Number of protein chains: 2
Amino acid sequence: MTEPALAGARRVLAESPFLAAARGERPSHIPVWFMRQAGRSLPEYRELRKDTPMLDACFEPELLAEITMQPVRRHGVDAAILFSDIVVPLKAAGVEIDIVAGTGPVVASPIRSVADVRALPPLLEGQVDAVAAGVKLLVSRLGQTPLIGFAGAPFTLASYLIEGGPSKHHERTKALMHSEPRVWHELMDRLSDVALTFLRAQLAAGVDAVQLFDSWAGALSERDYREYVMPHSAKVFEGIADARVPRIHFGVGTSELLPSMREAGADVVGVDWRVPLDVAVSRLAAACPAGKYRPIVQGNLDPAVLLASWDGVEREVRRIIAEGRSAAGHVFNLGHGVLPETDPDVLTRIVELVHSEPVR
Amino acid sequence: MTEPALAGARRVLAESPFLAAARGERPSHIPVWFMRQAGRSLPEYRELRKDTPMLDACFEPELLAEITMQPVRRHGVDAAILFSDIVVPLKAAGVEIDIVAGTGPVVASPIRSVADVRALPPLLEGQVDAVAAGVKLLVSRLGQTPLIGFAGAPFTLASYLIEGGPSKHHERTKALMHSEPRVWHELMDRLSDVALTFLRAQLAAGVDAVQLFDSWAGALSERDYREYVMPHSAKVFEGIADARVPRIHFGVGTSELLPSMREAGADVVGVDWRVPLDVAVSRLAAACPAGKYRPIVQGNLDPAVLLASWDGVEREVRRIIAEGRSAAGHVFNLGHGVLPETDPDVLTRIVELVHSEPVR
């Protein structure tokens, strides 16, 4: 793999509140973006994507760029997140995988043996040129708004590949992990290369930050996470360190994992709605006794609360802002993705409310 | 409601290792049972239930008693758990609800308004006579093996009723909670009466312990749990205190909730696989500074691990036994229900292994 000079590949966005907060510097206002802000909650998204299957849309530069821009224009969020899907780099590498409406990703031949693992094709940089082209379009159009790159973490990719699709219990994944640790680590090593290649292509094209989504990591105990997952996610984070962009690490149900997810190499730890930000900050700080580390966090608003009355939403937003003040940096966000039935006007009002709060 | 003299309604089982551990006394061996031990992992269960819909089986005394007995005979577990379902008392009360194979409970008319809440029928004691009859059969047949009674907690019942079935995000439930707290509390109060009536009927018929299943409580933050849920589960526990049986409280993903679930009135706290038992014990003890409380715990083995090789299973069983020694009482169990594809021989081997370990 050629190593592009990643540190010099992007815009200078000195005034970005998102980048300031994500680096632990003082932003001009509290920054806010929403996971899945580009997507089904927006009528303009549903209109634009109506004739295009999900995975096709992720490989059309103009379309993915436009979808990525929609929530920036509508809500005035402080960051764009690349419109993509966790399985995009697998599809690009040649894995037979599709996204079935109402189900999620479906893998034609699930990985169940060491032979299956070794048959998994690597991702070559040129295979995600369409995504890189979309990133370049976005960088030229976003003005002063930073663009966050996107990849699924090795464990979440492994679960899709082994289970053959979304899974409630991840039972085959955990069985492989505990039965054949060598095969497990070989698969995870290959998947960390896939995630790394995908992120480096985005970074070379100009993204200003990255988020590694380990959506299902919360299904694991801390012990299993540290033994079977953390080294591989750490390889991904380490492999993009030269880009010197903020690296966000997010999963759901990660109460027990927050310090380990930071230790894997994250600059910003994403927190779901189960752990208040001040508690997350305490736990992150307690796990780093040197005293030099200052926790930077993102998240915490329960996406289901956005379906409540505005009074209920406003109360939660104000609570989260207050609790976020204990962090060295706070990026306001949800604790998981925007639900499709969310009224987009509520998202816009949240942005206005967050921006109206003083930075202390 | 007439108040039967619950304290005198059951057998004396002075030698039961399960009851000893659940009371913080020294058992003759470490007791073990499995959530969903009666069910689809057993061929004799699949055979017995093949012509009977799930909810019908729960109202046939002979059938539910036989299903409850099957894992006791096969595995030699230290407790039977009443074969039932979380929605049984709702069905008994006249709510139009069914269990659809592959989906779960489906409610004909979901509860969405204060009028819906007020139209929810109460459960009358006589409506669960068939369940009580099954309990009486079991008590006469189980010999020295104790029988654990079963009820779904108010929050989990509320989620089914509001969402209309199983839900990934519980979004309507949370929206009601945050938008209309008065309506929410009225519904929860009614549902705590339903759970209480169901448990008192089982206790009057002779069950030796009870477990309150709050399967979905882990979807909530501790703050929301304490404000919107705990008072209602506490009403259920308080309402059966006169029976003087061990009261177990269980949910999944409850890392943040364990002390609150104890505070609701549990004698034994069920722990999923995300929190090791020694950590759970520390957290429970730390939340009770008086020093008089000695944590009693149940659970922790990830049901997905049972699909791994025996080496992997054995390693986990030994770890959990070692970590459970920090508790005043340890009931060996899974961290969630037995998965249908589990090899029942693995369950039998686990029982043998747990029983072979010394009590310290």
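Note that this is a predicted model, so its numbers are computed, not measured. Throughout, protein chains are lettered first and strands after them, A, B, ... in sequence-line order, and every chain is numbered starting at 1.
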Less than 4.5 Å to any heavy atom of chain A: does that hold for the side chain of [X], its backbone, both, or neither?
X        : answer
B:Leu307 : both
B:Leu306 : neither
B:Glu180 : neither

When A:Asp302 is tested against each of B:Glu171, B:Lys174, B:His170 for side-chain contact (heavy atoms from CB on, under 4.5 Å), which residue passes?
->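 By the side-chain contact (heavy atoms from CB on, under 4.5 Å) criterion, A:Asp302 pairs with just one of B:Glu171, B:Lys174, B:His170: B:Lys174.
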Using a 4.5 angstrom heavy-atom cutoff, name the option from [options] with the most pairs to chain A.
options                                : answer
B:Glu222, B:Met177, B:Lys168, B:Glu341 : B:Glu341
B:Arg172, B:Glu323, B:Arg315           : B:Glu323
B:Gly335, B:Gly312, B:Pro181, B:Ser255 : B:Ser255

Contacting moiety of A:Leu176, where chain B heavy atoms sit under 4.5 Å =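 Neither part.
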How many angstroms lie between CZ in B:Arg319 and CZ in A:Arg223, if you round to the nearest 0.5 Å?
->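 It is 4.5 Å, given to the nearest 0.5 Å.
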Nearest 0.5 Å please: distance from the CZ atom of B:Arg274 over to the CG atom of A:Asp224.
->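 With rounding to 0.5 Å, CZ (B:Arg274) is 11.5 Å from CG (A:Asp224).
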Would you mind telling me which of A:Ser179, A:Ser221, A:Pro276, A:Gly253 has the largest number of heavy-atom pairs within less than 4.5 Å of chain B?
->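 Ranked by heavy-atom pairs under 4.5 Å with chain B, first place is A:Ser179.
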Got a sec: does the CZ of A:Arg36 have more than 12 other heavy atoms crowding it under 6.0 Å?
->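 12 or below, so no.
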Should the heavy atoms of other residues, nucleotides or ligands under 6.0 Å from CZ of A:Arg40 be counted, would the total exceed 12?
->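 Not more than 12 within 6.0 Å, no.
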Identify the two heavy atoms, one from B:Ala308 and one from A:Ala175, that lie closest to each other, and give their separation to 0.1 Å.
->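 Shortest heavy-atom separation between B:Ala308 and A:Ala175 comes out as CB-O, 3.7 Å.
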